[in-house]
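Structure provided below as structure tokens; questions to follow.
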Number of protein chains: 2
Amino acid sequence: MTRTFAALADPTRLTVVEELMQRGELPAGDLVSHVGMSPPAVSRHLKVLREAGVVTQRADGTKRYYRVAPESMRAIVDWTIAHRSFWEASLDRLDAILAEEGGAHNE
Amino acid sequence: MTRTFAALADPTRLTVVEELMQRGELPAGDLVSHVGMSPPAVSRHLKVLREAGVVTQRADGTKRYYRVAPESMRAIVDWTIAHRSFWEASLDRLDAILAEEGGAHNE
DNA sequence: TTAATACTTAACGGTTTACTTAATTAACGA
DNA sequence: TCGTTAATTAAGTAAACCGTTAAGTATTAA
């Protein structure tokens, strides 16, 4: 889990992941021009994401197409769900306090 | 968002956060004995978590009680939800493939 | 086979991270 | 006030991270 979080802890990598989720699949070159950084730098970031299982690579000719591995996103969702009882309850309580302050009750 | 992920990208800090979510609230000292590290090291980790908004601190006498800020967990949930259409669709498709392979359909 | 394209790996330097022990601050009790 | 407990900040060091340019690999096309 820490490896997944570490992969998303860098602004460039987070941008790449969000771009890939929006566009579906992109070659490394497109990501280079999108993040405005040297190809080697982007290549290293992609390697980190790959080794963390956040993205997968597909080769076609000289191009390497990348896409986000949905399982990795699911892993994050699952982690939050595993501790849902904590933050859900806490936020419900917060909601209740705010509602009471506001003078209204959401039953 | 990267700051939150970075805070959770360290094994010691993730352990601390999970422990705090389970137990609700703990003084720094309890976390020190739980993670088996020197007090200064844990203190620095707690500072990182605090500055990332992942935990909050409450002073009582000489003790500093820590708890997880539910908003930070919610922020992660919201981030996954913002991109849900991507990973949900992808995994549904995967589910469909697996279901077909298994010979069964989950309507 | 030679050249061009797409990308990765190598090598290097500067910054950040994460631990250690030692020193410091703050609150409480005798 | 003095000493103890709880925690933080200071200082120092080794490792990891992130960017660059230069060099290498592989695929396509002339």
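Order of the sequence lines fixes the chain letters, A, B, ..., with proteins taken first and strands second; residue numbering starts at 1 for each chain.
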State which residue, out of A:Leu20, A:Val16, A:Leu49, fulfils the side chain to side chain contact (heavy atoms under 4.5 Å, CB included) condition with A:Tyr66.
A:Leu20

Could you identify which residues of residues 22-30 of chain A place a heavy atom less than 4.0 Å from some atom of DNA chain D, listed by residue number, or say none?
none

Between A:Phe86 and B:Arg67, is any pair of side-chain heavy atoms under 4.5 Å apart?
no

Donor-acceptor pair, B:Arg58 side chain versus B:Tyr65 backbone, under 3.5 Å?
no

Would B:Arg50 and B:Gln57 count as a side chain to side chain contact (heavy atoms under 4.5 Å, CB included) here? Give the steps.
CA-CA 8 Å; B:Arg50 219 184 312 131; B:Gln57 194 191 47; 4.0 Å; yes

Can you tell if the side chain of A:Met1 reaches within under 4.5 Å of the side chain of A:Ile76, non-hydrogen atoms only?
yes

How long is the line joining CE of B:Met37 and P of C:dA18, in whole Å?
10 Å

Counting only N and O atoms by type, is there a donor-acceptor contact under 3.5 Å from the side chain of A:Trp87 to the main-chain atoms of B:Val68?
no

Within residues 38-66 of chain A, find the residues that approach DNA chain D with a heavy atom at under 4.0 Å, and present them sorted by residue number.
A:Ser38, A:Pro40, A:Ala41, A:His45, A:Gly61, A:Thr62

Indicate yes or no: at least one non-hydrogen side-chain atom of B:His34 is less than 4.5 angstrom from one of B:Thr15.
yes

Taking the inter-plane angle between the rings of B:Phe5 and A:Phe5 on a 0 to 90° scale, is it parallel (under 30°), tilted (30 to 60°) or perpendicular (over 60°)?
parallel

